[in-house]
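To start, the structure under review is shown below, and the notes come after it.
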Amino acid sequence: TNNESRMRSAWELMWGGVGYVNNAIQDIEKLDIATVTDLTEEDRTQIITQLKVLRAFHYIKIMDLWGNVPIATKVADPLNPETKPRAEVFAFIKGELEENVPKLPLTSAGNIGQVSMGAGYAMLSELYLNAEKWSGKPMWDECITASNKVINGEAGGIGGAPKLSPDLNSLFSNKNAFISGFFSFAP
């Protein structure tokens, strides 16, 4: 309810994120590449791809917390979008991720701060893991496939292919930025 500050904050943060992403996509799509220094069409496409995956991240959290919600891909268009059933929201997220995750850059130390392939496949893993609850259809095999892309290093890795660290305490060291046992895929 509106009186519960933690839920209200989560609502505002997640929907604010969707709004910022939608605004950025609209602004970047309108750019005249010929007049922008150091931005190619390939750069624009990659930025929009990463933004769509970031929007899907927000929608995963929104759908998980509130179920039936509007799907908004444009800022204030429509002003008050109609609520969609959770299964339809799930299908939207699934489509956005399946279309865009394979186009993301591999996770690496060189692209920290970008939405990477490792982050995308981690999101798909979460989506597929919860598919039965969210869409009515289990997607266990898809979950395993997406998870294996992260685990096996097919999606890249910050310090090489991800693997479990032999020293759990090293994960909490102030010198762990590029160790292979550290899974840091959230955008």
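Nothing here was measured: the structure is a model prediction, and the numbers come from that model.
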If the condition is salt bridge (Lys or Arg N to Asp or Glu O under 4.0 Å), which residues does [X] pass it with, not counting sequence neighbours?
X: E142; answer: none
X: E154; answer: K149
X: E82; answer: K84
X: E42; answer: none

If you group Ile, Leu, Val, Met, Phe, Trp and Tyr by side-chain heavy-atom gaps below 4.5 Å, do [X] and [Y] land in one group?
X: M139; Y: L129; value: no
X: Y20; Y: I93; value: no
X: W134; Y: L65; value: yes
X: V75; Y: I47; value: no
X: W140; Y: Y128; value: no

For [X] and [Y], indicate whether the former's side chain and the latter's backbone hold a donor-acceptor pair under 3.5 Å.
X: N111; Y: L106; result: yes
X: D64; Y: K61; result: no
X: S125; Y: S147; result: yes
X: N130; Y: E126; result: yes

Under a 4.5 Å cut-off applied to non-hydrogen side-chain atoms, are [X] and [Y] in contact?
X: V115; Y: L51; value: no
X: Q50; Y: L54; value: no
X: V21; Y: I25; value: yes
X: T73; Y: R55; value: yes
X: L127; Y: M63; value: yes
X: N68; Y: V89; value: no
X: Y121; Y: P102; value: yes
X: L97; Y: I60; value: yes

How many angstroms lie between atom [atom1] of [X] and atom [atom2] of [Y], to the nearest 0.5 angstrom?
X: C143; Y: E132; atom1: SG; atom2: CD; answer: 12.0 Å
X: Q26; Y: I48; atom1: CD; atom2: CD1; answer: 10.5 Å
X: I28; Y: Q46; atom1: CD1; atom2: CD; answer: 11.5 Å
X: E99; Y: K52; atom1: CD; atom2: NZ; answer: 5.5 Å
X: E96; Y: K94; atom1: CD; atom2: NZ; answer: 12.5 Å

Non-hydrogen atoms of [X] and [Y] that approach each other most closely:
X: Y59; Y: W15; result: OH-CZ3, 3.4 Å
X: N22; Y: K74; result: ND2-N, 3.8 Å
X: I33; Y: L39; result: CG2-O, 3.2 Å
X: A10; Y: W66; result: C-CH2, 3.8 Å
X: T107; Y: S116; result: OG1-OG, 2.6 Å
X: A146; Y: L124; result: CB-CB, 4.1 Å

Remaining members of hydrophobic cluster (4.5 Å side-chain criterion), L13: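 So far as hydrophobic clustering goes, L13 is joined with none.
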
Neighbour count above 12 (heavy atom, 6.0 Å) for F92 CZ: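 Yes, enclosed.
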
CG (D38) with more than 12 external heavy atoms under 6.0 Å: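 Result for CG/D38: open.
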
Pair T145-N148, side-chain donor/acceptor within less than 3.5 Å: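 There is no such pair (donor and acceptor under 3.5 Å, judged by atom type) between the side chains of T145 and N148.
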
N100: partners by side-chain hydrogen bond (donor to acceptor under 3.5 Å, both in side chains), with sequence neighbours left out: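 By the side-chain hydrogen bond (donor to acceptor under 3.5 Å, both in side chains) rule, N100 matches no residue at all.
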
